[in-house]
Amino acid sequence: MTDIYPEVRLELSGRITFQQDISVAQGAQVISILQGPPELTQAASSPERPALLPAGAPEAKEAPIEVPVRDESHPRQSVEGPRQALELSGARTNPEKMTAFASYLLQEEEHDTFTQSDVRRLFQRARERIPTHFTRDFDRAVQVGWIHEGEAKGEFYLSQAAQNVIENGFDSLRVRRGSKAASAGSASRGAAVRRKSRVVPVPDAFADIDHIPTTLDEVIPYHRVKLKRDKLLWAVKLAKVLGVEALQNTEAAWLTDKLGDAIPTRDMNGHFTGLRRQGFANRSMGDNAMRITETGEEYLGSLSA
């Protein structure tokens, strides 16, 4: 029986040679494709390549990668430990080391005040030999005005001038102390050289006051007050009694000098900070002068010799 779908031989030649027996129907489909419109042949081919740019057109360039601008301002370098605090401050003597450790406690460990035990602990952490006469050297730092007694017994805080010794070093503090020692020594060497007393002008606030009392009602006398901070509060209270509601730093220094135990202006802010923390004093919004509060007056009345 004759096959209904006889086979034919399909041969294609070119880059690729193809030979295969196919049915007549399949051959007819191949011929129709080859003779058909170009769109059919193009659809069966591989995906078309991307169109080329027109002649003369500029080539597309990649957008440059934006590099973030580096901030040139550097924040304050944190101190890694008490050993680095000594190195940055340049502390050499025991009182200087104690002051540097105290600055580390306030700045890096965020203490409000510190004790001698706190400072002693940092000597151990820094692998520094604990001074044999620890209390004597600590008192020396208090005497030169770097460390001040706090409100509670055994608590201390730093003066305004010594708070940044880690960043600024001890050079400025040594120069200040050395210049005083040199001037005192030169005056004592020559009997003929007499030191003139510096005349401090009377502040305008006290120009009409003829006498400065050293006692107040229901408050212990000024010379019996132990802490410098409390002496400052005593002076502000006295000024209020005399009709001066608030004191500038220079006025407070003049008044404490007249009372017999002067508080220098360089230490005034440090003492005031201790008073403000306890709510004993504040500053006026207008001229930044110090004022005593009701709590401060009650505190003064509770002091005992």
Side-chain angles (χ1 to χ4, degrees), residues 70-150 154-187 227-229 232 249-250 252-253 262-277 288:
R70 183 176 180 180
D71 187 6
E72 296 297 335
S73 60
H74 301 284
R76 182 181 66 84
Q77 179 183 5
S78 61
V79 183
E80 297 179 356
R83 164 55 59 182
Q84 190 180 30
L86 291 182
E87 295 172 354
L88 293 176
S89 66
R92 295 196 296 261
T93 65
N94 288 333
E96 290 178 356
K97 293 177 181 179
M98 293 174 178
T99 305
F101 285 149
S103 178
Y104 176 83
L105 288 169
L106 299 181
Q107 292 187 13
E108 303 301 327
E109 297 191 358
E110 299 182 352
H111 287 217
D112 290 332
T113 58
F114 57 90
T115 64
Q116 291 191 26
S117 298
D118 294 330
V119 176
R120 186 186 297 269
R121 171 173 55 87
L122 292 190
F123 269 92
Q124 296 174 336
R125 285 180 54 188
R127 299 296 188 268
E128 282 283 318
R129 184 178 63 85
I130 298 177
T132 304
H133 305 286
F134 186 93
T135 302
R136 183 193 66 186
D137 292 335
F138 191 91
D139 290 342
R140 179 58 180 162
V142 175
Q143 292 171 3
V144 297
W146 298 341
I147 295 177
H148 295 300
E149 294 178 277
E155 290 187 350
F156 300 87
Y157 62 95
L158 284 181
S159 68
Q160 190 77 11
Q163 286 180 4
N164 298 319
V165 291
I166 296 179
E167 291 82 6
N168 302 332
F170 275 95
D171 289 340
S172 60
L173 297 180
R174 292 190 190 113
V175 169
R176 181 184 303 171
R177 201 179 79 193
S179 61
K180 291 181 179 181
S183 61
S186 61
L227 301 181
K228 286 280 190 179
R229 184 208 65 179
L232 174 60
N249 289 357
T250 54
I263 300 176
T265 54
R266 68 173 181 270
D267 297 336
M268 203 67 65
N269 289 334
H271 293 308
F272 172 79
T273 300
L275 295 172
R276 179 180 54 80
R277 287 174 180 170
N288 204 35

Exercise. Assess R129 against F123: is NZ or CZ under 6.0 Å from the centre of the six-membered ring, and within 45 degrees of the ring's axis?
Key: no
Taking every non-hydrogen atom, the tightest pair across [X] and [Y]:
X    : Y    : value
A91  : F170 : CB-CE1, 3.7 Å
L275 : L232 : CD1-CD2, 4.0 Å
G150 : R229 : C-NH1, 4.3 Å
N249 : T265 : O-CG2, 3.8 Å

Can you find a heavy atom in the side chain of [X] that is under 4.5 Å from one in the side chain of [Y]?
X    : Y    : answer
I130 : R120 : yes
Y104 : L86  : no
F156 : T115 : no
E167 : Q107 : yes
R83  : E128 : yes
T135 : D139 : yes
L158 : S103 : yes

Quiz item: Among all residues two or more places apart in sequence or in another chain, which pass the side chain to side chain donor-acceptor pair (under 3.5 Å) test with Y157?
Solution: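 Here the qualifying residues are H271.
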Self-check item: Residues F138, W146; criterion ring-ring contact (aromatic ring centres under 6.0 Å, His included); working and verdict
Solution: CA-CA 10 Å; F138 191 91; W146 298 341; over 10 Å; no
Quiz item: Do E109 and R121 sit within salt-bridge range, that is, some charged N less than 4.0 Å from a carboxylate O?
Solution: yes
Quiz item: Should the heavy atoms of other residues, nucleotides or ligands under 6.0 Å from CD of E110 be counted, would the total exceed 12?
Solution: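 Atom CD in E110 is not crowded, with 12 or fewer foreign heavy atoms closer than 6.0 Å.
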